[in-house]
Structures are given as C-alpha cells and as structure tokens.
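Letters go in sequence order (proteins before strands), and every chain restarts at 1.
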Protein chains: 2
Amino acid sequence: MPDSEQDFLAAYDPHAYDPVAVTVDVVALTIRDGALHVLLVRRGAPPFEGMWALPGGFVRSVRDAEDLPDAAARELAEETGLSAEGALARVHLEQLATYGGPGRDPRMRVISVAYLAFAPELPDPRAGSDAADAAWVPVGSLGLTEAAAQRPGTTRRLAFDHARILTDGLERARSKLEYTPLATAFCAPEFTIPELRAVYEAVWGEELHAGNFHRKVLSVPGFVEGTGETTERGGRRGGPRARLYRAGDARLLHPALLRPSREEEVR
Amino acid sequence: MPDSEQDFLAAYDPHAYDPVAVTVDVVALTIRDGALHVLLVRRGAPPFEGMWALPGGFVRSVRDAEDLPDAAARELAEETGLSAEGALARVHLEQLATYGGPGRDPRMRVISVAYLAFAPELPDPRAGSDAADAAWVPVGSLGLTEAAAQRPGTTRRLAFDHARILTDGLERARSKLEYTPLATAFCAPEFTIPELRAVYEAVWGEELHAGNFHRKVLSVPGFVEGTGETTERGGRRGGPRARLYRAGDARLLHPALLRPSREEEVR
DNA sequence: CGAATAGTGTCTTTTAGACAGTATAAT
DNA sequence: ATTATACTGTCTAAAAGACACTATTCG
C-alpha cells in the first residue's frame, strides 16, 4: 500500500496509524526579588517521578476540542490558581516551539507544543492535580548551560528535555525584550522606569546604565505613556519619587533596545 | 477518574485517549526571476481536492520514529525530487510554528508542525505521491493579505489554514533577513552583492539603494567573504563585472540590516 | 557612443553610549 | 549630613541614509 493511501486511511481511522500524544508545556517566567523565576512542578508520577518539570499536560482534542493556546492557558491556570478573567488575562502567552523527537518520553511518542509566558509577580502556586509540588524557581539556580540543555539529565533537575525547552524559552525572552515592549508584561499595570530597567536586567543578566536606559525608553514611540503620577515614596535607600507609566500602544520597539555585548554569539 | 490518572493511562494505552494526527507542512521559499516563489502542491484527494496546499504529510512515529526536522526534510525531498546528500543539504530548514486548532481539518484533529525552508533556485518539482501537481508559485500571485490569512478560503486558493501558515512564514522570512545572513541560503554557493540585494528586494518587496546596501553588507563582520574572483560577464544591460563572494561564518548580523519603512507596523 | 551597472567617497542625520551633574528623599 | 537614586545635559562614536561620482561593460 503506498504511503498516500495509508495516510488517507489513517486520517479516517486514526487507530490504524501511529499513535501519538500531543501535550502543551509552558515556560512561565516572572520577576521575583529582582531575579528571573520560572514556574516548575515536581512530578508526582513516573517517569522522572520526583524531578522538576515544566507545567504541562495533554491537549484535550475530543472532549473540549480546545485550541492550543487555550490548552496552554488552562495548564498555566491550573498550576497558578489564576482565573481566566483575573490575573491570567494580564499574562502574555505566545507559542515557543514544538519538540517531538522520538524517545523524549520513554512511554510513547509525545509531541510537545511549548508556550512562553511573561507574568507579573504572582502568588505562590499550589500543586496541581498530578504534581507533588509547584514553585517559582530562580532560573539562575538551575545551572543551565548550552551543554546541559543538549544532554538531558545533565542538570539533574529537569525532567524530559525540559532543560532544552527552558533554554530556548529564555533566549526567546531575551530577544523579545529587544524588539517588543513585552518587558511591561512583567510589571504591574503602573510601573516606573527603574522597575522596567530591573526587568531588563533580570532577563538579560546584565546591569544597564540607568541614565541612558531612562532616556532611551522615553524616546521610543509608544513604549510607555506617563500617568502624571509618581510613587508615594522614593527609592529604598533614598532618592526622589519616580514617575509612573503605563504600557503604550506600540507592538514593536523602533528603534529597538539592543542588549550589549553580543560579540561572542555572532559566530 | 481524575485527569491525572486518565492522562497516565492514556500515555500507556494511547488508543484509550483522544486520537490526534501529527503532520509536518513546509513553507519552502526560493527566488525565481527576481520574484519570491513558494512550493505548492495541488491536492489529489479530498478534502480540498484540486486546491493548492503546502507540501506536507504525516509524521512517521512508529515505523521510522523520525524526528520532526527529518520529517520536514523528507516531505521537501519528496516534492522537489532532491536527494538528502545533494542540493537538499544546501537548503536552510527551520521550525516555523505549530497549528492545531480544532476544525482545521474536517476529518479529525490534526496538529501541523510547520517548517520554513530557504532554497536556492531549484528545478521544477515533480508531483509527489498524493499530489496531482506541484509547482513553484509566485507569492505575489496568491493575493495574500492579513484578512485572507485569517479567514480560510478567502484567497480561494490554499487549502486548510495554509494561507495563515504561509503568511506567518513570509513574515518570519522577512524578519530573518534582518538579523541573520540567511539571504545567502537563497543564493548559489558563490554570489555577487547585487544578487544578494535582489534576494532582499524580493523578500522584502522593496527596492534598496544599491550603493548603501553594498557598503553595508561588506561592513558587517562575517556576512560574506570574498573569493577574489569576478563574474565572467558584466550585468545584462552593461556595467562592470561583479566580485564573487561566499557566505561568511556569522550566524547573526551585527549590526542588523533593518528593512526600511516599518512605521505602520509598530502600533 | 549611450546606457546601465559595480563600487566608492562624502556629507548629514540618527542613535548608542560614556560621563557628568542636579534635585530629591531615605536613613 | 550622608548617601542613594531619578532624571537631565553634553559630548563622542557608530551607524543609517541621501547623494554624487568614477570606472567598466553591454548593446
């Protein structure tokens, strides 16, 4: 039987063809105490029982016929306890990539569609249905390197190929902050320029020049818009009150806010 | 039965859970006669029989347990007749996005992982196994607009949600040319700066200033490296012979080659 | 020859970044 | 008072873009 006919039959009778499971996994990032954190769950069942993993689960394809972004939002809501009408509406969610290599799940062929989420500071998560625990974990504590991302198990912390997915998500996040105003998705509805700078510093892992950053943000059309208000108090250790801003209407930053020192990544 | 247990059982007995099919679709782009073309196949079977579609097919998940990029390369090879050792090795292939909304295939739930390919000029394709026809089609002839991409069937030419996938692939291609040296993937192994400029003009749909483009390309480290040779003849309608270049070792362009006039897309 | 094209020179404007300086508020 | 901080001013270097110009080759 030629491939075409086999495929055709398979389409009408899926059980006659290769069994595949489709899941969504979410790389949810937030800033806590000035450091970038990722939402992780501790697996309560094999495989990788007891290890940390990205929150995720199977896509409901028949019962609810949910779309992929809906599935990602649902997984995020289940782990964070957020309601769709509430704080979840302020979370930025975008598709990251799909991971489908054979052998990434020992049980069967699993295709995982990964999503990337940028969230403002959220309460501590509660453990979801099939997780033993859930927590915001500082990204820096995971010992992620390119080598660790490529060889599963090297970090000894993340299940499946989740180190690779997280590494890809972090790079996407760093890049997104260059060309889009999505750093504001990590902030409260009203924020100061120094708070925005702290987001960039946490995601990029680099200190930025406060004065130049300030002027740059204000010079990009549509990045932020002033509220006319200021904070109630000055900085922790002194300084004047900072002006408050809201996210502007730009969807792209032009000119972009490029991160410094990328020489090493070019070749 | 709680979700977790159901999921767990499903993982061990996939037939007990929702049936899903996973396919790969390829947005293969090339430059012909100075215009951007996409590889399309005419469907030889329902649904959408007789309509144009992106080349694609089911992922072999058990028989060969192929990885997703391998599946995309296989689909591309089947439609173009290219061998993996030959010209296919010079084609750039990257994952684009995954499309999995319910109802995008009337037969069943289908998750499509889309890939984006940049190819140098290739021979005309032969019709693959389940296609009635295959051809390089000028992108400009498809009447793609944002409205057409959102409502399937509006262009009256592309099956499924392939207008949306193609639109996303084109935007990705335009963006990739800004930040990476991948325009060279559309060229022969040795090329001239004006040929490279023609790639940019075809993908961006804009004329570029020849002199400034020339200097800019040469000023970006690692973009191109000279061969010391020149073309045998001058331009079609006169002009000196052009120097020949190869792709350099840069993986990112720094500084980037930004396309002009993006004011309208910012908001 | 005339026209088209490859490649370079030069000038202006924009942007990035270094650095300094002033005013404000916490301790 | 001291110190940290928000924000602004200024200068320099890098880059983008407009324009002009020369040299070469085709028809």
Side-chain angles (χ1 to χ4, degrees), chain A residues 34 177-179 187 190-201 204 206-221 223-224 226-245 250 252-263 266, chain B residues 34 177-179 187 190-201 204 206-221 223-245 252-263 266:
Chain A
L177 258 54
E178 296 189 298
Y179 305 111
C187 297
E190 297 196 348
F191 53 87
T192 67
I193 304 284
E195 281 166 4
L196 193 63
R197 175 164 49 86
V199 172
Y200 275 90
E201 291 177 334
W204 285 353
E206 272 180 285
E207 292 214 342
L208 300 177
H209 186 286
N212 288 341
F213 179 87
H214 195 110
R215 182 161 6 115
K216 170 72 182 178
V217 167
L218 294 184
S219 76
V220 176
F223 193 175
V224 299
T227 66
E229 306 293 308
T230 71
T231 52
E232 289 297 311
R233 291 175 41 86
R236 294 185 178 205
R237 288 171 287 185
R241 301 176 181 181
R243 283 174 234 176
L244 287 168
Y245 296 86
L252 293 171
L253 299 185
H254 188 76
L257 232 156
L258 299 177
R259 54 191 138 149
S261 66
R262 305 201 59 202
E263 313 298 325
V266 168
Chain B
L177 260 53
E178 295 189 297
Y179 304 109
C187 297
E190 298 197 348
F191 53 86
T192 67
I193 304 285
E195 280 165 4
L196 193 63
R197 176 164 47 88
V199 171
Y200 275 90
E201 291 177 334
W204 285 352
E206 270 181 286
E207 293 214 342
L208 300 177
H209 186 285
N212 288 341
F213 179 87
H214 195 110
R215 181 155 11 104
K216 170 72 182 177
V217 167
L218 294 183
S219 76
V220 176
F223 193 175
V224 299
E225 66 182 23
T227 66
E229 306 293 308
T230 70
T231 52
E232 289 296 312
R233 293 175 40 85
R236 296 185 177 204
R237 286 170 290 186
R241 301 174 183 182
R243 284 175 225 167
L244 287 169
Y245 296 86
L252 292 172
L253 300 185
H254 188 76
L257 231 156
L258 300 177
R259 54 190 138 148
S261 65
R262 304 200 61 202
E263 313 299 323
V266 167

Review point. In terms of the nearest nucleotide of DNA chain D, which residue is placed more toward the 5' end: B:Leu258 or A:Pro194?
Key: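 Final value for this comparison: A:Pro194.
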Ignoring backbone atoms, establish whether [X] has a side-chain N or O less than 4.0 Å from OP1 or OP2 of [N].
{"X": "B:His214", "N": "C:dA6", "value": "no"}
{"X": "A:Lys216", "N": "C:dT15", "value": "no"}
{"X": "A:Arg237", "N": "C:dA26", "value": "no"}

For the side chain of B:Glu201 and the backbone of B:Leu208, is there at least one donor-acceptor N/O pair under 3.5 Å apart?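 A pair under 3.5 Å: yes.
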Query raised in the report: When you measure from the side chain of B:Glu178 to the backbone N and O of B:Arg259, does any donor-acceptor pair fall under 3.5 Å?
Result: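 Indeed, once roles are kept as given, a pair shorter than 3.5 Å links the two residues.
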Between [N] ([atom2]) and [X] ([atom1]): distance, integer Å:
{"X": "B:Arg259", "N": "D:dA15", "atom1": "CZ", "atom2": "P", "result": "21 Å"}
{"X": "A:Arg241", "N": "C:dT24", "atom1": "CZ", "atom2": "C1'", "result": "10 Å"}
{"X": "B:Leu208", "N": "D:dA16", "atom1": "CG", "atom2": "P", "result": "13 Å"}
{"X": "B:Leu196", "N": "C:dT5", "atom1": "CG", "atom2": "C1'", "result": "17 Å"}
{"X": "B:Asn212", "N": "D:dC19", "atom1": "CG", "atom2": "P", "result": "10 Å"}
{"X": "A:Arg233", "N": "D:dA6", "atom1": "CZ", "atom2": "P", "result": "13 Å"}
{"X": "A:His209", "N": "D:dT10", "atom1": "NE2", "atom2": "P", "result": "16 Å"}
{"X": "A:Glu232", "N": "C:dT24", "atom1": "CD", "atom2": "P", "result": "18 Å"}

Output the single nucleotide from [options] whose closest atom is nearest the side chain of [X].
{"X": "B:Arg243", "options": "C:dG7, D:dA6, C:dA6", "answer": "C:dG7"}
{"X": "A:Arg197", "options": "D:dA4, D:dA23, D:dA6", "answer": "D:dA6"}
{"X": "B:Pro255", "options": "D:dA6, D:dA16, C:dA16", "answer": "D:dA16"}
{"X": "B:Arg215", "options": "D:dA16, C:dA18, D:dA18", "answer": "D:dA18"}
{"X": "B:Leu218", "options": "C:dT8, D:dC7, C:dA6", "answer": "C:dT8"}

Distance-minimising heavy-atom pair for A:Ala250 and A:Pro221
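Answer, listing the atom of A:Ala250 first, then A:Pro221: CB-O, 3.6 Å.
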**Report entry** Nearest atoms (heavy-atom pairs only) where B:Thr231 meets B:Arg241
**Finding:**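 Result for this residue pair: O-CD, 3.2 Å.
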Item to complete: Before giving the answer on side chain to side chain contact (heavy atoms under 4.5 Å, CB included), spell out for A:Leu244 and A:Thr230 the whole-Å C-alpha distance, their side-chain angles and the decisive distance to 0.1 Å.
Response: CA-CA 5 Å; A:Leu244 287 168; A:Thr230 71; 5.7 Å; no
Parallel, tilted or perpendicular: ring planes of B:Tyr179 versus A:Tyr179, cut at 30 and 60 degrees: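 Tilted: the ring planes of B:Tyr179 and A:Tyr179 meet at 30° to 60°.
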Query raised in the report: For the helix from C:dC1-D:dG27 to C:dT27-D:dA1, how many degrees between its two end axes (five pairs per end), to the nearest 10°?
Result: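 Its terminal axes enclose an angle near 10°.
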Using a 4.0 Å heavy-atom cut-off, does A:Gly238 contact any base of the nucleic acid, only the sugar-phosphate backbone, or nothing at all?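 Touches a base.
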Using a heavy-atom cut-off of under 4.0 Å over every strand shown, decide if B:Gly239 touches base, sugar-phosphate, or nothing.
->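 Result for B:Gly239 = base.
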Quiz prompt | Heavy atoms of other groups near B:Glu207 CD, more than 12 under 6.0 Å | solution =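 Incorrect, the count does not exceed 12.
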Under 4.5 Å between any side-chain heavy atoms of B:Leu257 and B:Tyr200, yes or no?
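A side-chain contact under 4.5 Å exists here.
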